[in-house]
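To start, the structure itself, in structure tokens.
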Amino acid sequence: MDRWTAAQIKDQSGRTFIVTGANSGLGFETARQLAAHGARVVLAARSKVKGLDAVARLKASQPEAAVEFRAVDLADLDSVRAFAAAILSDGIAVDVLINNAGVMYPPRRLTPQGFESQFATNHLGHFALTGLLFDTIRHGQDARVVTVSSLEHKGGSIHFDDLTGEHSYSPRAFYQQSKFANVLFALELDRRVRAAEIPVRSVLAHPGYANTNLQSSGPTGLLKQLMKVSNRLFAQSAEMGALNELYAAVDPAAESGHFYGPNGLAGMRGYPAEVQPVASAKNVETARRLWDLSEELTGVTWDL
Ligand SMILES: NC(=O)c1ccc[n+]([C@@H]2O[C@H](COP(=O)([O-])OP(=O)(O)OC[C@H]3O[C@@H](n4cnc5c(N)ncnc54)[C@H](OP(=O)(O)O)[C@@H]3O)[C@@H](O)[C@H]2O)c1
């Protein structure tokens, strides 16, 4: 695993991947490498213009790439349901779902269903999408669900008593909550599939610190300016950051219930290596409570 790169990805012909947030940053790089290695890739993105542009950019360098855009707004559960229903009714056999899309540090906003936007996009939308597609994923070849978290999960907790930030909202604390939820979800999914002896791997990844649109699309004001400078000084490329989710998605050695992130500079840069979640994110009771709450809030219940 030392200095693992995309050159180590084996032929993925015959396998189908869904990558959320694939029009930009890490999701685009992930889709690009998967397609270059023969996979069929569904680029799930909320903007038709950006999604089709991403397909065109991929096709420009790989004319034979089996890539297609499908619209999903993860912040809107009606859109998530429509996306999943179309995948199922079109008979697309999904082998790997990469829960990559995300938004970071926006001002407080509520989604159409009344949830805080970072929790809704980064966690609830992916929880619902995975649940709705699980029956097809569980029959996939080397089936996996990859969930992209962040080093920021380490400062997170679930604000069970103020989930929408109505009483107290900080863009960073609510991003940390959503990325903490990603870890709780992926580890709980791993426990549940193992208990039910379902051959699906639930693998976690984080990109360290990668220069993408994340740092400019969510933050506002001074924070946005600071992130611009910080990106230039400290961030690695999106291509490097994407290696972690690619490793989690395709490498035979990537294990269910394990977490992969960069191996250098305090986890911010480098090649994929196994990393550890913060101890509180491994708490089984918190994970169960979040799972039950997520089922209640999304209306998506799992039959494992
Ligand atoms: N970059 C980093 O340093 C870093 C560090 C830790 C974790 N991460 C995680 O990595 C993942 C990918 O982020 P990135 O860095 O590649 O950022 P990015 O370039 O901004 O890409 C994020 C993607 O998510 C999509 N997205 C946002 N809200 C959405 C919604 N409601 N529905 C559907 N798609 C939505 C964006 O679409 P639009 O283009 O339409 O906005 C974009 O395609 C995120 O989960 C992020 O938390 C990134």
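Whatever order the structure lists ligands and atoms in, that order sets their numbers, starting from 1. From a predicted model like this one, the values you see are computed outputs, not experimental measurements.
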Atoms of ligand 1 close to [X] [distance to a heavy atom under 4.0 angstrom, numbered from 1]:
X: V72; answer: 32 (N), 33 (C)
X: G25; answer: 16 (O), 19 (O)
X: T121; answer: 28 (N), 29 (C), 30 (C), 31 (N)
X: K50; answer: 38 (P), 39 (O), 40 (O), 41 (O)
X: A75; answer: 31 (N)
X: A101; answer: 24 (O), 25 (C), 26 (N), 34 (N), 35 (C), 45 (O)

Starting from [atom], what is the nearest protein heavy atom, named by residue and atom, and what distance separates them?
atom: atom 46 (C) of ligand 1; answer: Y175 OH, 3.7 Å
atom: atom 43 (O) of ligand 1; answer: N23 OD1, 2.6 Å
atom: atom 15 (O) of ligand 1; answer: T212 OG1, 2.6 Å
atom: atom 45 (O) of ligand 1; answer: N100 O, 2.7 Å
atom: atom 10 (O) of ligand 1; answer: L26 CD1, 3.3 Å
atom: atom 20 (O) of ligand 1; answer: L214 N, 3.1 Å
atom: atom 5 (C) of ligand 1; answer: G208 O, 3.1 Å
atom: atom 31 (N) of ligand 1; answer: D73 OD1, 2.8 Å

Euclidean distance, [Y] [atom2] relative to [X] [atom1], rounded to 0.5 Å:
X: L223; Y: Y105; atom1: CG; atom2: OH; answer: 7.0 Å
X: H258; Y: Y247; atom1: NE2; atom2: OH; answer: 10.5 Å
X: S47; Y: F69; atom1: OG; atom2: CZ; answer: 6.5 Å

Checking the N or O distance criterion of under 3.5 Å, is ligand 1 in contact with [X]?
X: G102; answer: yes
X: N213; answer: yes
X: L74; answer: yes
X: S24; answer: yes
X: Y209; answer: no
X: A210; answer: yes
X: G27; answer: no

Is the shortest distance from a heavy atom of [X] to ligand 1 less than 4.0 Å?
X: A45; result: no
X: E245; result: no
X: Q215; result: yes
X: H206; result: no

Intermediate values then yes/no, side chain to side chain contact (heavy atoms under 4.5 Å, CB included), T20 and H126: CA-CA 9 Å; T20 67; H126 285 126; 2.9 Å; yes

Contact partition for K179 relative to ligand 1, non-hydrogen atoms under 4.0 Å: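 Within the 4.0 Å criterion, K179 contacts ligand 1 through side-chain atoms alone.
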
Among A54, S79, P106, S149, closest by any non-hydrogen atom to atom 7 (C) of ligand 1: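 Among A54, S79, P106, S149, the closest heavy atom to atom 7 (C) of ligand 1 belongs to S149.
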
Q118, M227, R46, M104: member with heavy atom nearest to atom 35 (C) of ligand 1: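 Going through Q118, M227, R46, M104 one by one, R46 has the nearest heavy atom to atom 35 (C) of ligand 1.
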
Over-ring placement of R192 relative to W291, 6.0 Å and 45° cut-offs: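 That pair qualifies as a cation-pi contact.
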
I137 vs D95, side chain to side chain contact (heavy atoms under 4.5 Å, CB included): CA-CA, chis, key distance, verdict: CA-CA 5 Å; I137 296 170; D95 299 298; over 6 Å; no

Treating [X] as the side-chain partner and [Y] as the backbone partner, does any N or O pair qualify as donor plus acceptor under 3.5 Å?
X: S178; Y: F119; answer: no
X: R108; Y: G165; answer: yes
X: H123; Y: A120; answer: no
X: E29; Y: L243; answer: no

Matching residue for R172 among Q118, Q177, E152 - test: side chain to side chain donor-acceptor pair (under 3.5 Å):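 With R172 as partner, Q118, Q177, E152 yield a single side chain to side chain donor-acceptor pair (under 3.5 Å), made by E152.
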
Between N283 and T286: side-chain donor-acceptor atoms closer than 3.5 Å: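 Indeed, the side chains of N283 and T286 share at least one donor-acceptor pair under 3.5 Å.
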
Pair E245-T30, side-chain donor/acceptor within less than 3.5 Å: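 E245 vs T30: donor-acceptor pair found between side chains.
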
Pair F127 and W302, ring centroids less than 6.0 Å apart: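 Centroid distance F127-W302: below 6.0 Å, so yes.
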
Smallest separation among heavy atoms of Y209 and Q215, with atom names: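 That closest heavy-atom pairing would be CE1-NE2, 3.5 Å.
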
